[in-house]
Number of protein chains: 2
Amino acid sequence: MVEPGSAAAWRNAVAQAAATSDENALELVELFFFAYRDFVGDADRLLGKYGFGRAHHRVLHFVNRRPGLTIAALLDILRITKQSLNRVLKQLLDAGFVEARAGVVDRRQRLLYTTAEGARLARDLAALQSARFLKVMDELPPVARGAASEFLFAMIDPEERERVRAHLACAKMAREAP
Amino acid sequence: MVEPGSAAAWRNAVAQAAATSDENALELVELFFFAYRDFVGDADRLLGKYGFGRAHHRVLHFVNRRPGLTIAALLDILRITKQSLNRVLKQLLDAGFVEARAGVVDRRQRLLYTTAEGARLARDLAALQSARFLKVMDELPPVARGAASEFLFAMIDPEERERVRAHLACAKMAREAP
DNA sequence: TATTTACGTCAACTATATTGACATAAATCT
DNA sequence: AGATTTATGTCAATATAGTTGACGTAAATA
């Protein structure tokens, strides 16, 4: 037994707290895994009906949300090679879900846009995933609602945050003034 | 222009609110994508040094956290086929990071355990990911801290939650009474 | 004894990524 | 104007992580 107030008791309490916070962090690691698994599962089912996969979804999503996106910007967001992107993008172009127009200021660039059909699929997919978030917000106590986006933003690499913030601002602008 | 207080103004406000909440949800979708990307990136670099990938990480993690896990239970957590698991698991067994003992009550079962070396790698990987969470908790205002795990838990399919809760409880027990 | 269960394995295939090398057209520098 | 850089496309080979389907085996159970 350790006397309360003693140095040993104090060290014990600190160790306990460390173990607890570590345990909590481990729990968060697993919750993040399960949450992401279910989160992407929603969209996967719908994508399957079109013969598309997650890679197509990501491209469609970001093109839809940021019309006029260039190949380079898309590569920067997705963090994949152009060869990998090209296969998926070509399928989306061929299937008529995305179209590319030559850049006006720089004609080497290909500005990407969703077609009407592509925008519809993107909207349906986004609706599925948004629905999950909206339901979560509904379930959560009000005080926890604002915390979600703060939390997710804090999970992003610090050196990446400005880029993500700029991306979100750009997507918002595209949405407000189409 | 719409007169304030008119039915048109009201409908306008509702549409605006809907658009805003949708926009927020869309933002969360993207933040979730970026957060998960960076979250798994941490571990990827360390795994590469051992010639392992994410698949190995997941197996190692869950076996380490729930010693004596059976193949069936692991398949249920990971949601992959036994063929897919087997290739990865065999590599972990061969490399001496995981070991399998015959079940005591049912000798058909293979109970999975990490070896000392496996436990060490699992701990190092978990430390990387825990560190991100701990840093996030430090950055976040106190009121938002508890919200993170609530939020992630709410993101899980409702019919899956009991299973996840049981899994976490089991992992916690294994940790407290080893 | 017959059947079911837990697991292993062979084979073929798909999706998504990689590296490396080379091609082309448009923009930009000198 | 000519040289160089940039944005993008493309061919080929390879790796990782998953799938379906078929078949095998040992242990538990009806």
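Note that the coordinates shown come from a computational prediction; the quantities given were computed from them, not determined experimentally. Just so you know, these numbers use all the heavy atoms, side chains as well, and skip hydrogens, waters and symmetry mates.
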Output the rounded distance in Å from [atom1] ([X]) to [atom2] ([N]).
| X | N | atom1 | atom2 | value |
| --- | --- | --- | --- | --- |
| K90(A) | dT8(D) | NZ | C1' | 12 Å |
| L92(A) | dA15(C) | CG | P | 13 Å |
| L75(A) | dT6(D) | CG | P | 16 Å |
| I80(B) | dT16(D) | CD1 | P | 16 Å |
| N86(B) | dT19(D) | CG | P | 13 Å |
| L78(A) | dT16(C) | CG | P | 12 Å |
| L85(B) | dG18(D) | CG | P | 9 Å |
| L89(B) | dA17(D) | CG | P | 13 Å |

Please, which pairs that meet ring-ring contact (aromatic ring centres under 6.0 Å, His included) have at least one residue in residues 106-129 of chain A, sequence neighbours excluded?
->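 Of all non-adjacent pairs touching residues 106-129 of chain A, none passes ring-ring contact (aromatic ring centres under 6.0 Å, His included).
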Salt bridge present between D157(A) and R37(B) (N-O < 4.0 angstrom) |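 Between R37(B) and D157(A) there is no salt bridge, as every charged N stays at least 4.0 Å from the carboxylate O atoms.
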E27(A) bridged to R65(B) by N-O distance under 4.0 Å =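 So E27(A) does not pair with R65(B) through a salt bridge.
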Members of residues 35-61 of chain B that approach DNA chain C, where some heavy atom sits under 4.0 Å away =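 Result for residues 35-61 of chain B: none.
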Under the ring-ring contact (aromatic ring centres under 6.0 Å, His included) test, residues paired with F33(A) that sit two or more places apart |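 Checked F33(A) against ring-ring contact (aromatic ring centres under 6.0 Å, His included); matches are F62(B).
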What is the per-nucleotide protein-contact pattern of nucleotides 19-30 of chain C, from the 5' end, where B denotes a base atom under 4.0 Å from a protein heavy atom, S denotes such proximity for sugar-phosphate atoms only, and - denotes neither?
-> BBB----BS---
Please identify each residue that fulfils side chain to side chain donor-acceptor pair (under 3.5 Å) with E159(A), with sequence neighbours left out.
->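 So E159(A) forms no side chain to side chain donor-acceptor pair (under 3.5 Å) with any residue.
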For residues 123-130 of chain B, which side-chain donor-acceptor pairs fall under 3.5 Å, sequence neighbours excluded?
residue : atom : partner : partner atom : Å
Q129(B) : NE2  : F39(B)  : O            : 3.4
S130(B) : OG   : A126(B) : O            : 2.9

Can you give each donor-acceptor pair under 3.5 Å made by side-chain atoms of residues 80-96 of chain A, sequence neighbours left out, with the distance rounded to 0.1 Å?
residue : atom : partner : partner atom : Å
T81(A)  : OG1  : S84(A)  : N            : 3.4
Q91(A)  : OE1  : H56(A)  : NE2          : 2.5

Residues which pass salt bridge (charged side-chain N to carboxylate O under 4.0 Å, His left out) with R108(B), listed by chain and number, not counting sequence neighbours |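 Partners of R108(B) under the salt bridge (charged side-chain N to carboxylate O under 4.0 Å, His left out) test: D106(B).
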Keeping to residues at least two apart or across chains, list the side chain to side chain donor-acceptor pair (under 3.5 Å) pairs with something in residues 133-155 of chain A.
->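 Checked against side chain to side chain donor-acceptor pair (under 3.5 Å) - neighbours excluded - the pairs reaching residues 133-155 of chain A are E139(A)-R161(B).
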Return the 5'-most residue of the pair I71(B), R79(A) with respect to DNA chain C, ranking by each residue's nearest nucleotide.
->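 So the residue in question is I71(B).
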